[in-house]
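I have placed the structure first, in the form of structure tokens, so that the comments after it can refer back to it.
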2 protein chains.
Amino acid sequence: MLEPERHQIILDALKTKSSVKLQELVELTNSSESTIRRDLIQLEQGKLLKRVHGGAARLQGKLQEPSMTEKSSKNLQSKRRIAQYAAGLVSEGDCIYLDAGSTIVEMIPFLPDNIVVVTNGLSHASELLEKNIKTFLIGGFAKPTTKALIGRGALDSLEHYRFDKCFMGVNGIHSQFGYTTPDPEEAMVKQLAISLSSEAYVVADESKFSEVAFSKITDLHQATIITNELDPDTKEQYHSKTNIKVVTS
Amino acid sequence: MLEPERHQIILDALKTKSSVKLQELVELTNSSESTIRRDLIQLEQGKLLKRVHGGAARLQGKLQEPSMTEKSSKNLQSKRRIAQYAAGLVSEGDCIYLDAGSTIVEMIPFLPDNIVVVTNGLSHASELLEKNIKTFLIGGFAKPTTKALIGRGALDSLEHYRFDKCFMGVNGIHSQFGYTTPDPEEAMVKQLAISLSSEAYVVADESKFSEVAFSKITDLHQATIITNELDPDTKEQYHSKTNIKVVTS
DNA sequence: CTAAAAACAATTAAAATCAATCATAAAAAT
DNA sequence: ATTTTTATGATTGATTTTAATTGTTTTTAG
């Protein structure tokens, strides 16, 4: 039996139970104890499971193979609904800015064709090209984690553009401080893009409202939040303290 | 049995299982072990599967989604050899420019880690990020066919950089006119990048020498061509008429 | 607390698989 | 028709994977 196949069997076994005995795996794979041990070491190094005395156990942060897909797909549905609503605000002929980020990318399938898009999202640009949308990318340093273009170069090339509308993602929305993003460099790009746009929209699903960690604030209250249902108390709270308009899809 | 047929059998086998033993493939195709090994090497280079000890496995990153078009592996081999040689010219600590294009992208796996890369290739940037290389993208209009960034915005952001070395692709090399690229907008970007670089290299496989269609010339003879073996006559012809240095890998 | 049992890591030798090379046969080019 | 190129299969020694064995550590039961 090939190594990838054994690894798959081991990981599959951990999808149903939260832990497996080494002996079970020996029988399941018709391999020796030594071989399974080596496999477990490899899989542990790849952070796919945790070795425990007598066998292996699922990882805490990564029990997502069954449930994370589920959760993220639920979250994705929510994101997609909001994104579709946001895309509906774009008119043919518009020149718009799309911020990097996983929520914004969901807008792309719903965008009209005859528009011009400027973005700082590396992966956004690829998707836009697939849809035959006229696409401009700003320059800058490519941030490894998010594939967003940021830094001095980003600001330089951004300031040559003007937008009818811009659509921004955020890491969190704070009832007192406004929109928050942990990376100051990214925040500066957002801020500039908003100031270059006639209308600014923040697209955020409800999970963003519970975020607590932040360090830098995109402090422009002239934008409109697009989100899904929010309980009226929260909504009122945000509006009164920050003057943010909240629109629900 | 013909090569394409074998390749299809191998790929089909991986559609049902997540891995196949080499011996199974030997029986399925009535070919020798050596032949299957060679097939697997080719298919792995075409990024259609992953070789593992004892056989081959599906690669899960891309479930047969993208360009299933197996690159003509003959031309690819040639490109890759030249690209590897070119990558060898890059020293740790260098700041280099990588032009968009299919030949240049093959350099990326061979580049050292501790360098800074500036590029106008959308797909290049993604690959560079995978390798954890510090990457800057210039801005500009994203050309749909090649995913290259061109135009006014590209020139604007490009001119803020300076490079130790730049590596350019071309569509053709003409014995009288020099390097040729059909798109004037793209040619301007190339030209500027070359002028911003201490050393300029043109990386081109032999197929580029037979190209005839061109419209705009990147008319800078200060670059060095990196290519594979060329018959001495051609080599001399190019050198005498264009003053282009030709280096073979 | 102690002893037996189970699980462990480390070492080893055998088997399987590998890369590299060579020779041959088929195909393509001249 | 002849040379060159290409694809294939066989053989070689080297490498990797595997399973069995060793002695050690951990768990469990009395």
Helix axis bend for the helix from C:dC1-D:dG30 to C:dT30-D:dA1 - C1'-based end axes, five pairs, 10° rounding: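 For the helix from C:dC1-D:dG30 to C:dT30-D:dA1, the axes at opposite ends meet at about 40°.
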
Looking at D:dT18, I'd like to know if its phosphate oxygens (OP1 or OP2) sit under 4.0 Å from a side-chain N or O belonging to A:Ser32.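 Result: no.
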
Is it true that a side-chain atom of B:Asp164 and a backbone atom of B:Cys95 form a donor plus acceptor pair closer than 3.5 Å?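 Judged by distance alone, yes, a pair lies under 3.5 Å.
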
Treating A:Thr103 as the side-chain partner and A:Lys79 as the backbone partner, does any N or O pair qualify as donor plus acceptor under 3.5 Å?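 No; zero donor-acceptor contacts below 3.5 Å.
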
Do A:Leu14 and A:Leu48 have side chains that get closer than 4.5 Å, going by heavy atoms?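 Not in contact.
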
In residues 19-27 of chain A, what donor-acceptor pairs under 3.5 Å come from side-chain atoms, sequence neighbours left out?
unit_1, atom_1, unit_2, atom_2, d
A:Gln23, NE2, A:Glu33, OE1, 3.4
A:Glu24, OE1, A:Lys17, NZ, 2.5
A:Glu24, OE2, A:Lys17, NZ, 3.3

For every nucleotide of nucleotides 10-23 of chain C, 5' to 3': is a protein heavy atom under 4.0 Å from its base (B), only from its sugar-phosphate (S), or from neither (-)? -------SBS----

Of A:Val105, A:Asn120, A:Val117, which is the lone residue that meets side-chain contact (heavy atoms from CB on, under 4.5 Å) with A:Leu98?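 When A:Val105, A:Asn120, A:Val117 are each tested with A:Leu98, the side-chain contact (heavy atoms from CB on, under 4.5 Å) holds only for A:Val117.
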
Can you name the salt bridge (charged side-chain N to carboxylate O under 4.0 Å, His left out) partners of A:Lys143, sequence neighbours left out?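 Counting only residues at least two positions away or on another chain, A:Lys143 forms a salt bridge (charged side-chain N to carboxylate O under 4.0 Å, His left out) with A:Asp183, A:Glu186.
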
For B:Arg51, which residues count as a salt bridge (charged side-chain N to carboxylate O under 4.0 Å, His left out) partner, sequence neighbours excluded?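 If we apply the salt bridge (charged side-chain N to carboxylate O under 4.0 Å, His left out) test to B:Arg51, skipping adjacent residues, the hits are B:Glu44.
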
In whole angstroms, how far is the P atom of D:dT8 from the CD atom of B:Gln42?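 In whole Å, D:dT8 P lies 9 Å from B:Gln42 CD.
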
Between atom CG in A:Leu40 and atom C1' in D:dT18, what is the gap in whole Å?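 For the pair A:Leu40 CG and D:dT18 C1', the rounded distance is 15 Å.
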
Of all pairs that satisfy side-chain hydrogen bond (donor to acceptor under 3.5 Å, both in side chains), the ones with a partner from residues 121-142 of chain A, not counting sequence neighbours: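 Non-adjacent pairs meeting side-chain hydrogen bond (donor to acceptor under 3.5 Å, both in side chains): zero.
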
Identify, between B:Arg6 and A:Ile36, the residue whose nearest nucleotide on DNA chain D lies closer to the 5' end.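 The residue closer to the strand's 5' end, by nearest nucleotide, is B:Arg6.
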
Pairwise 5' ranking along DNA chain D for B:Asn30 and A:Met1, keeping only the more 5' one: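 It is B:Asn30, whose closest nucleotide lies nearer the 5' terminus.
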
